[in-house]
Amino acid sequence: MKTLLLLNGPNLNLLGTREPGVYGAATLADVEARFQEDAKRLGFQAECFQSNHEGALIDKIHEAGRRRAAGEVGGVVFNPGAFTHTSVALFDAIKGVGDLPVIEVHISNVHTREAFRHHSYISPAAAGIVVGFGVDGYRLAVEGLARKLSGPA
Ligand code: CA2
């Protein structure tokens, strides 16, 4: 059984503790538990990782790329947090590992927010993007990833 990875970037460990009007009431633990359930329902194993450090996220993407090549990992659901808008290094990591399907998720609709949130360095490297559905976006993303992994529609 292949593994799907959930990666969350900086400050997403604060989910459910502040700014519920923007990010909802669910905690990161809630999001990760739902991801585990959703992956299992879709026939996958799941692993979850959150970091506030860009290099740690890059290392996880490199590891995921190696594991994808070995047939262990199917793909990644990734909310890069504010690194979305700053990180050429995360773009390079995703492109650099080659064939790794990454679905980019944003809880909020970044396009209705400040202009600096409108550009994503990650989107050109992503296999799909889910924006503005609250934490339900993680479920939409894992379902979309599973569909992509099962072949063309
Ligand atoms: O909407 C999203 O998911 C974002 O990736 C969240 C990032 C933000 O920088 C992006 O522009 C859009 C911020 C995550 C911070 O999460 C918090 C959660 C609760 C309380 C404070 C921050």
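Counting starts at 1 for both ligands and their atoms, following the listed order. Quantities reported herein were computed from a predicted structural model and do not represent experimental measurements.
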*Asks:* Would F78 end up clustered with I107 when hydrophobic side chains under 4.5 Å apart are linked, directly or stepwise?
*Replies:*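 No, no single cluster joins them.
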*Asks:* Indicate whether the side chain of E54 and that of N52 have a donor and an acceptor atom separated by less than 3.5 Å.
*Replies:*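 No, no side-chain donor-acceptor pair sits under 3.5 Å.
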*Asks:* For atom 11 (O) of ligand 1, what is the nearest protein heavy atom, given as residue, atom name and distance?
*Replies:*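 Going by distance alone, atom 11 (O) of ligand 1 is nearest to H85 NE2, 2.7 Å.
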*Asks:* With heavy atoms only and a cut-off of under 4.0 Å, state how R18 meets ligand 1: side chain, backbone, both or neither.
*Replies:*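 Both parts.
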*Asks:* Is the ring centre of H85 less than 6.0 Å from the ring centre of F83?
*Replies:*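 No, they do not, as the ring centres are separated by 6.0 Å or more.
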*Asks:* Look at atom 4 (C) of ligand 1 and say which protein heavy atom is nearest, naming residue and atom and giving the distance to 0.1 Å.
*Replies:*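 Minimum-distance protein heavy atom for atom 4 (C) of ligand 1 reads H106 ND1, 3.7 Å.
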*Asks:* I'd like to know whether OH of Y23 has more than 12 heavy-atom contacts from other residues, nucleotides or ligands below 6.0 angstrom.
*Replies:*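 Counting neighbours around OH of Y23, more than 12 heavy atoms of other residues, nucleotides or ligands fall under 6.0 Å, so yes.
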*Asks:* Give the atoms of ligand 1, by number and element, whose distance to some non-hydrogen atom of E19 is under 4.0 Å.
*Replies:*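 Near E19, meaning under 4.0 Å from one of its heavy atoms, ligand 1 has 21 (C).
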*Asks:* Whether the Y138 and N79 side chains hold a donor-acceptor pair (N or O, under 3.5 Å, no angle test) is what I'd like checked.
*Replies:*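 A donor-acceptor contact under 3.5 Å links the two side chains.
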*Asks:* Between N79 and ligand 1, which part of the residue brings a heavy atom under 4.0 Å of the ligand: side chain, backbone, both or neither?
*Replies:*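 For N79, only side-chain atoms sit under 4.0 Å from ligand 1.
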*Asks:* Please list the nearest protein heavy atom to atom 2 (C) of ligand 1 with its residue and the distance rounded to 0.1 Å.
*Replies:*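 The protein heavy atom lying closest is I107 N, 3.3 Å.
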*Asks:* How far is atom 1 (O) of ligand 1 from the closest protein heavy atom, and which atom is that?
*Replies:*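 Minimum-distance protein heavy atom for atom 1 (O) of ligand 1 reads S108 OG, 2.6 Å.
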*Asks:* If I compare all heavy atoms of A141 with all of I103, which pair ends up nearest, and what's the gap?
*Replies:*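 Nearest pair, atom of A141 first, then I103: CB-CG2, 3.6 Å.
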*Asks:* More than 12 heavy atoms of other residues, nucleotides or ligands under 6.0 Å from CZ of R113: yes or no?
*Replies:*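 For R113, atom CZ is crowded (more than 12 foreign heavy atoms under 6.0 Å).
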*Asks:* Could you list the cluster mates of F116? Members are the ILVMFWY residues connected by side-chain heavy atoms closer than 4.5 Å, either directly or through other members.
*Replies:*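 Besides F116, the hydrophobic cluster comprises nothing; the residue is isolated.
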*Asks:* Report the nearest protein non-hydrogen atom to atom 8 (C) of ligand 1: residue, atom name, distance rounded to 0.1 Å.
*Replies:*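 In this structure, atom 8 (C) of ligand 1 has R117 NH1, 3.3 Å as its nearest protein heavy atom.
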*Asks:* Among N8, L12, I122, which one puts a heavy atom closest to atom 14 (C) of ligand 1?
*Replies:*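 It is L12 that holds the nearest heavy atom.
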*Asks:* What do we get for V110 next to ligand 1 when only non-hydrogen atoms under 4.0 Å count, side chain, backbone, both or neither?
*Replies:*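 Under 4.0 Å from ligand 1, V110 contributes side-chain atoms alone.
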*Asks:* Running the 4.5 Å side-chain criterion over Ile, Leu, Val, Met, Phe, Trp and Tyr, what cluster does L14 land in, apart from itself?
*Replies:*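 Traced through the cluster, L14 reaches no other member.
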*Asks:* Among all protein heavy atoms, pick out the one at the shortest distance from atom 18 (C) of ligand 1; state its residue, atom name and that distance to 0.1 Å.
*Replies:*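 For atom 18 (C) of ligand 1, the nearest protein heavy atom is Y23 CD1, 3.5 Å.
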*Asks:* Who's the nearest protein heavy-atom neighbour of atom 15 (C) of ligand 1, and how far?
*Replies:*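 Sorting protein heavy atoms by distance from atom 15 (C) of ligand 1 puts N11 CB, 3.6 Å first.
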*Asks:* Should you measure from each heavy atom of A82, which atoms of ligand 1 turn up under 4.0 Å away?
*Replies:*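 Counting from 1, the qualifying ligand atoms are 9 (O).
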